[in-house]
Amino acid sequence: MEIDLGFAEKRDDVNWLTNRYFPSKLGGQPAWLELESLPPPSQLQCRKCKAPKSFLVQLYAPYEDDFNFHRSIFVFLCRNPDCQQAQSADNFTVLRSQLPLKNKFYSEEDPDDEGDPLPAIPCLKKLCAACGCHAPHACAKCKAIHYCSAEHQRAHWPRHKLNCGSTPKINREPLSKIEFPEFEIVMDSNPTKASEDDKDDDARLAEFQELEASGKTGDLSNVSEAEMDKYFGNTAAADDKTFRQFKKQTAAEPEQIVRYKRGGQPLWITDTAKSVADQLQSLPSCTSCGGARQFEFQIMPQTLTLLDDENLDWGVLAVYTCAMSCPIEGYAEELLIKQDIVADEQS
């Protein structure tokens with residue numbers, strides 16, 4: 001079975017990560033695909049604390065049909081620690097957007113990746129200076145800079161006040177409490193070899209432990225001791241067959257932050273019967289067409305090491321989308337299931 005693995009890479013020039021180049025990326029501001037019917041601030045507002053959510057990830061994942069020539073999936077989350085609950089994705093929002101080849105925003109020709117990057121294709125809506133989402137509110141003084149919320153206006157004011165009322169200028173240095181560090185997500189296919197399938201579980205686990213002991217498991221050596229203990233250490237979860245399989249499947253490519261397999265199955269980090277079984281048994285249908293949803297990709301716990309936010313925590317984030325990727329206008333909400341390892345589930 002072949003899957004695609006995603007790896008985070010820093011770009012010297014983040015202008016290559018704008019919507020013009022249909023990027024897959026982690027952090028920064030969203031590179032919106034459909035540029036007119038952007039999600040309203042209320043759709044990206046945390047239902048619990050009412051704060052605006054932060055952009056986490058987008059994947060460019062087109063289908064081979066007329067109305068999915070361009071297609072991107074966006075993931076947002078509330079960073080407030082009080083809004084995070086085990087086995088609950090209530091603080092997340094997933095959006096799907098797609099366009100045919102012939103559309104009013106982008107050329108039918110592939111974007112040129114030679115020379116210097118060109119500017120982003122401008123949205124037809126004003127964007128928030130702090131987060132890059134739809135911004136219906138303008139600065140009361142200069143009317144030139146826009147915001148999605150009063151919270152983001154307050155956060156951005158120490159920078160904007162320096163030139164408020166003069167020539168509009170947006171300082172694009174990220175606000176760390178709003179934007180995550182920005183990386184390109186580079187996708188690579190990872191065919192599972194028959195020889196690997198032939199190895200028994202004990203042999204493959206022994207290989208992983210040997211790599212781990214010799215410090216050859218890649219960037220996971222930079223994970224904090226607490227995270228190593230939680231996901232890759234000698235915890236009670238190590239006796240969980242699912243957890244052991246997770247370690248074995250990620251041992252060869254420990255830096256992976258995304259696993260993509262449309263219509264496949266997630267690589268769970270712990271026994272679903274003890275965590276998210278009830279959610280898997282009752283997957284909601286697509287809200288646009290009423291059809292079934294299917295697994296598309298997952299975000300790995302290794303991602304946490306890149307986000308520079310100690311308040312965030314998860315085991316696996318599994319994204320489910322409309323199996324038909326039905327025709328839509330603007331942005332349609334999809335589904336995310338968050339699986340965690342918690343102490344009372346490791347016994």
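Side chains included, hydrogens not; waters and symmetry mates left out as well; all remaining heavy atoms used. Residue numbers count from 1 along this sequence.
Of all non-hydrogen atoms in Arg293 and Cys322, the two that sit nearest each other are CG-N, 3.9 Å. Of all the heavy atoms in His160 and Cys142, the pair that sits closest is NE2-SG, 3.3 Å. Closest of all the heavy-atom pairs between Gln29 and Ala129 is NE2-O, 3.9 Å. Across every non-hydrogen atom of Ala130 and Leu175, the tightest pair is CB-CD1, 4.0 Å. The shortest non-hydrogen separation linking Ile299 to Phe297 is CG1-CE1, 4.0 Å. Nearest heavy atoms, Phe246 versus Thr250: O-OG1, 2.9 Å.
Side-chain atoms of Asp271 and Thr242 include no donor-acceptor pair closer than 3.5 Å. No side-chain donor-acceptor contact under 3.5 Å links Gln339 and Gln87.
When the options Thr303, Leu56, Val75, Ile337 are evaluated for a side-chain contact (heavy atoms from CB on, under 4.5 Å) with Leu317, the one that passes is Leu56. Screening Tyr63, Tyr331, Phe67 against Gln98 for a side-chain contact (heavy atoms from CB on, under 4.5 Å) leaves a single residue, Phe67. A side-chain contact (heavy atoms from CB on, under 4.5 Å) with Cys286 holds for exactly one of Met324, Glu333, Arg96; it is Arg96.
Residue-environment remark: CG (Asp66) stays at or below the threshold of 12 foreign heavy atoms within 6.0 Å. Within 6.0 Å of atom CG in Asp13, more than 12 heavy atoms from other residues, nucleotides or ligands are found, so the atom counts as buried in its surroundings. No more than 12 heavy atoms of other residues, nucleotides or ligands shown are found within 6.0 angstrom of CD on Glu310.
Residues Val57 and Ile73 fail the side-chain proximity criterion, which asks for heavy atoms closer than 4.5 Å. Side-chain atoms of Cys49 and Asn80, non-hydrogen and from C-beta on, do get closer than 4.5 Å to each other. A heavy-atom distance below 4.5 Å is found between the side chains of Leu77 and Leu312. At least one side-chain heavy atom of Leu307 sits under 4.5 Å from a side-chain heavy atom of Leu26.
Taking the six-membered ring wherever Trp is involved, the centroid distance between the rings of Trp32 and Phe74 falls below 6.0 Å. Remark: aromatic rings of Tyr106 and Phe22 are close, center separation under 6.0 Å.
Look at Asp12 and Lys10 and you find no salt bridge, because none of the NZ, NE, NH1 or NH2 atoms lies under 4.0 Å from a carboxylate O. Here Arg71 pairs with Glu296 in a salt bridge; the nearest charged N to carboxylate O distance falls below 4.0 Å.
Judged by distance alone, with hydrogens and angles left aside, the side-chain atoms of Ser88 form no donor-acceptor pair with the main-chain N or O of Gln84 at under 3.5 Å. Side-chain N or O atoms of Lys338 include none that pairs as donor or acceptor with a backbone N or O of Phe92 at under 3.5 Å. Here the side chain of Ser97 pairs a donor or acceptor atom with the backbone of Gly330 at under 3.5 angstrom. Asn68 contributes no side-chain N or O that, together with a main-chain N or O of Asp65, makes up a donor-acceptor pair within less than 3.5 Å. When atom types are taken as modelled, the side chain of Asn15 and the backbone of Pro117 share no donor-acceptor pair closer than 3.5 angstrom. Judged purely by atom type and a 3.5 angstrom limit, Trp314 uses its side chain to pair as donor or acceptor with the backbone of Met300. Between the side chain of Arg20 and the backbone N or O of Pro119 there is at least one donor-acceptor pair closer than 3.5 Å.
The salt bridge (Lys or Arg N to Asp or Glu O under 4.0 Å) search around Lys104 returns Glu36, not counting sequence neighbours. Residues passing the salt bridge (Lys or Arg N to Asp or Glu O under 4.0 Å) test with Asp309 are Arg79, sequence neighbours excluded. Partners of Glu329 according to the side chain to side chain contact (heavy atoms under 4.5 Å, CB included) rule, which considers only residues two or more places apart in sequence or in another chain, do not exist here. Residues satisfying the side chain to side chain contact (heavy atoms under 4.5 Å, CB included) criterion with Asp4, sequence neighbours excluded, are Met187, Ser189, Tyr260. With sequence neighbours left out, the side chain to side chain contact (heavy atoms under 4.5 Å, CB included) criterion links Lys50 to Gln45. Lys125 pairs by the side chain to side chain contact (heavy atoms under 4.5 Å, CB included) definition with Leu38, His134, not counting sequence neighbours.
Atom NZ of Lys248 is separated from atom CG of Leu267 by 10.5 Å, given to the nearest 0.5 angstrom. Taking OG1 from Thr287 and CD1 from Ile328, the interatomic distance works out to 9.0 Å, rounded to the nearest 0.5 Å. Phe76 contributes atom CZ, which lies 9.5 Å from atom OG of Ser54 (distance to the nearest 0.5 angstrom).
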Evaluation steps, side chain to side chain contact (heavy atoms under 4.5 Å, CB included), between Glu34 and Phe105
CA-CA 8 Å; Glu34 203 276 354; Phe105 308 117; 3.8 Å; yes
